[in-house]
Structure formats: C-alpha cells, structure tokens
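Beneath this line is the structure, given in structure tokens, with notes to follow.
One-based numbering, in listed order, for ligands and for the atoms of each. Only this structure's heavy atoms are used, side chains among them; waters, hydrogens and symmetry mates stay out.
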Amino acid sequence: MPSDAVPRRLNVVVGITGGIAAYKAVGIVRAFVLAGHDVHVVATENALRFVGRPTLEAISRNLVHSDLYDGVAEVRHVAIGQAAELIVVAPATANSIAKLAGGFADDLLGNTILASTAPIVIAPAMHTEMWQNPATVANVQLLRDRGVTVVGPAVGQLTGADSGPGRMSEVDDIVAAALSTVTPQDLKGRRILVTAGGTREPLDPVRFIGNRSSGRQGVAIATAAAARGAEVTLIAANLEVGHPPSIHVIAVSTTAELATAVSSAATENDVVIMAAAVADYRPERVAESKIKKDSQGDVLDLRLIRNPDILMSLAEHRIPGQLIVGFAAETEPDDTALLAIGREKIARKGSDLLVINRVGWTEGFASADNSVSVLDATGAVVTATNGTKLSVANRILDLVSAR
Ligand code: C5P
C-alpha cells in the first residue's frame, strides 16, 4: 500500500493567538501553502493586534476567521474544526494553553479545537517565567497526555532584553513536526544515508568539470525519509536547493570527498541511497594556479583519469542487512534500451535496487517532476512512477520500507 510523506492536499487550520511571535505565524501559513495544503487561519482578536488580517488572507489564500458570531448560519464554530485534518496553534500563549487544557470554548479557536478530531500541534511562545510557572507546566503536561504535540519552545532571545526558554521554535521545525503527525512513521528507527547533487572535479582554483544535477531528487528523498521517521544523513554535493533543518548534512564537493564521507558514514546506516551524480573521471592534474590561455595556445588537452566507483565498493563491502539503492541517469531515448542499460548496471554494481531516469538537454535536472523505473537485483521492474520529485521519493521509500 503506497504512502506519501504528506498524502495529499490537507485541510490545515493554523490557530494564531495573541503573542508577539504571531508575526512568525505568517511564515508557517506560507510554508503550508507552498507545500500544497489548503490553509485556514483562525486568529484570536488579540492575534490580529500583532499581525494583519490582509496579510494572513493574502498568504493563506483564504478568509481569516476570528469572530465566533460570524457565519452562524453555516455553524462555522464547528464547521472549521470538523473539516480540519491538522490543527497547528502557533504561537500558543500561556493563556491559550490554559484555555486549551481547560477545554474552553469562549472564542472561535476554542470551538474549532473542541469540534475537531484532527491531530493538534502547539508551538508555545512566552517569557521564561510564564513557561516555567507550575500552572503552565501542568497545563502543557495535560495536553501532552491527551496526545497534543508540543513543539519547543526554543531557548534564545525573547522579545525584551531577556533570553531563555520561551522563544517560539523556527517555522520549518514547527511545520515538519506538524506534518509528521499526519505521516506514517514506517521508517522510524531506521538510519538512512542519502547522497545528492553532483560532484565537481577541479581543473585549477577557479574551474571545475561538473554535471547538471541540482540535487532536488536526492533532497526530496532525504526530506521524505525524515518525514517518515528515519534518522537521515545527507551527503550534499554542490546542491542548488535547500534542505529541512531536521536532516544532518555533510557538505562535499569532489568525488574523492564524497567517497570519504560515504565510507565513514555507511557503516552507521541501515540504508544507503546514492542519488548523487558522481563524476566518472577527474583531471589527472589540478593546476596550482589559474590555467592561462597564453601558455596553452589554441588547443588545451585535458587528461582525465577514472574515479573509483563508490556504489560498487559499497555494495561489495556492505554490512549485513544493509540495503543499497543506486541511481542511473541515462540519455537513451528508447525505453527498452534504457531498461537494458539499467539491468546491466545493477548486475555490475551489485545494489539491491536501481532507480533509472531519463535525462537530456531539457529533461530531468532542474525540473520539479521526475519519471523513474526501479529495478530490483534480478532486473525486474518493481516500480514505474512519475510525479513531483517528492512523490517519486516516497515511491522509492515505499520499496525501501517494504524491505
Ligand atoms: O555508472 P553511473 O555513473 O551511471 O552510475 C550511477 C550510480 O553509481 C549512482 O548511484 C552514482 O551515485 C553511483 N556512482 C558512484 N561512483 C562513481 C560513479 C557513480 O558511486 N564513480
């Protein structure tokens, strides 16, 4: 049964309460919208003193709800909560946490939460004294016992000159924690190493031989694996894209650096996914200073030497039970020939799975979408899928999870 990191467009209610960190809630709303979700903001009257309704409506692309007595005919005080698939309260003030713990329904947010069976995630934000007050401590414990996910607060600079625990967690951490409550945690307890990007082989201090891999597919795999509960290490070679903060990243540039990073991390991981485009050759000599055309004339000869195959030696020396996934990006236009190349490659390299995709002048690299076939060690196609790189990532992880 396939599962997606975030299965589909979710109805997300972002509850905003009246604390100064309310301005950061705009970022949370934005992140959910950009991830493709339908976001409904329920703001308290005090929240709207800190952040403007037009801002929230523009960013959420929906009306902002705040008044319990608006939309009475459509029974809005329960309708929003009934439709919600995920509720995120950020910032959650000491007062709103107390009200939530007590089951109060004296405003629209309270009614929405009481009328909902969706997972609830709160991101507390308040001064340290309020966070550490026994009343707040007891209220937070009560909420945790009822299954509410509490993200943070972080320790750091507060609104005034003071600092300590009480600062609202970062937007990305709140969104990641919230989405993980609606994501199957089938990779929990698994350690997964992912390589992404493309290696660069220097010619001199300013030039390199590289490839067009952006790292999007590899980062999507790392992101999806983390969302599904895995502990992820990403070996990042010259990425053009960002990555979620929950992922441990080792930055590399050359194939030799990637090889060193992979070999030291591989023994600590249950799964290794080699999505990086690794240079097959590197210049035999790297010039100490910039190569000058004056000293070269009209033709510059470059001698390249073969790089070691990291995937092949990884598969050869694998730790017992380790699952190894390789990638093959090929320009072959014909499907049968593409699969034949893949079959030869998985047999030669010895990985457990091989993800094949077609690349070309206009295909594959920087795009948000991908189309892949996955072979198993016998050469059989076990999955053929296309869609966003995140959805392709999840199909690959379904195979990993099943094994
Ligand atoms: O041979 P080819 O480069 O097409 O193989 C692609 C797969 O092998 C990818 O998973 C890539 O990360 C890996 N590879 C490697 N070391 C190399 C070349 C490729 O691990 N030197």
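The shortest N/O to N/O separation between Ala328 and ligand 1 does not fall below 3.5 Å. On a distance-only criterion, Phe327 and ligand 1 share at least one N/O pair closer than 3.5 Å. Between Thr255 and ligand 1, a contact under 3.5 Å exists for no N or O pair. Between Thr195 and ligand 1, no pair of N/O atoms sits closer than 3.5 Å. The N/O atoms of Val325, backbone and side chain alike, include none that comes under 3.5 Å of an N/O atom in ligand 1. Between Gly326 and ligand 1, no N or O atom pair is found at a separation short of 3.5 Å.
For atom 11 (C) of ligand 1, the closest heavy atom belonging to the protein is Ala276 O, 3.5 Å. Atom 2 (P) of ligand 1 has as its closest protein heavy atom Lys345 NZ, 3.3 Å. Protein heavy atom in closest approach to atom 17 (C) of ligand 1: Val278 CG1, 3.5 Å.
One side chain, Asn370 or Gln217, offers a donor N or O that lies under 3.5 Å from an acceptor on the other. Gln185 and Ser180 form no side-chain donor-acceptor contact under 3.5 Å, judged by distance and modelled atom types alone. Side chains of Thr388 and Asp369: a donor-acceptor N/O pair is absent below 3.5 angstrom, by distance only. Asn133 and Glu129 share no donor-acceptor pair across their side chains, judged by distance under 3.5 Å alone. A donor-acceptor contact closer than 3.5 angstrom is absent between the side chains of His65 and Asp67.
In this comparison of Lys349, Glu330, Arg282, the heavy atom closest to atom 19 (C) of ligand 1 sits on Lys349. Of the listed options Ile341, Leu311, Ile310, Leu311 places a heavy atom closest to atom 13 (C) of ligand 1.
Contacts of Pro308 with ligand 1, taken as heavy-atom pairs under 4.0 Å, involve the backbone alone. Residue-level proximity to ligand 1 for Asp280 is carried by the side chain, the only part with a heavy atom below 4.0 angstrom.
Heavy-atom separations between Met312 and ligand 1 are all 4.0 Å or longer.
Close approach of ligand 1 to Asp309 is summarised as follows: ligand atoms under 4.0 Å from at least one heavy atom of the residue are 15 (C), 16 (N), 17 (C), 20 (O), 21 (N).
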Report task. Before giving the answer on side chain to side chain donor-acceptor pair (under 3.5 Å), spell out for Arg53 and Ser66 the whole-Å C-alpha distance, their side-chain angles and the decisive distance to 0.1 Å. Result -> CA-CA 10 Å; Arg53 185 186 289 272; Ser66 58; 2.8 Å; yes

Query - From CA spacing to verdict: salt bridge (Lys or Arg N to Asp or Glu O under 4.0 Å), Glu45, Arg49 - result: CA-CA 7 Å; Glu45 291 298 340; Arg49 292 168 180 243; over 6 Å; no

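For Asp309 and Lys349, the salt-bridge test passes: some basic side-chain N is under 4.0 Å from an acidic carboxylate O.
Between the side chain of Arg146 and the backbone N or O of Ala101 there is at least one donor-acceptor pair closer than 3.5 Å.
Taking the side chain as every heavy atom from C-beta outward, Tyr281 and Asn307 never approach each other to under 4.5 Å.
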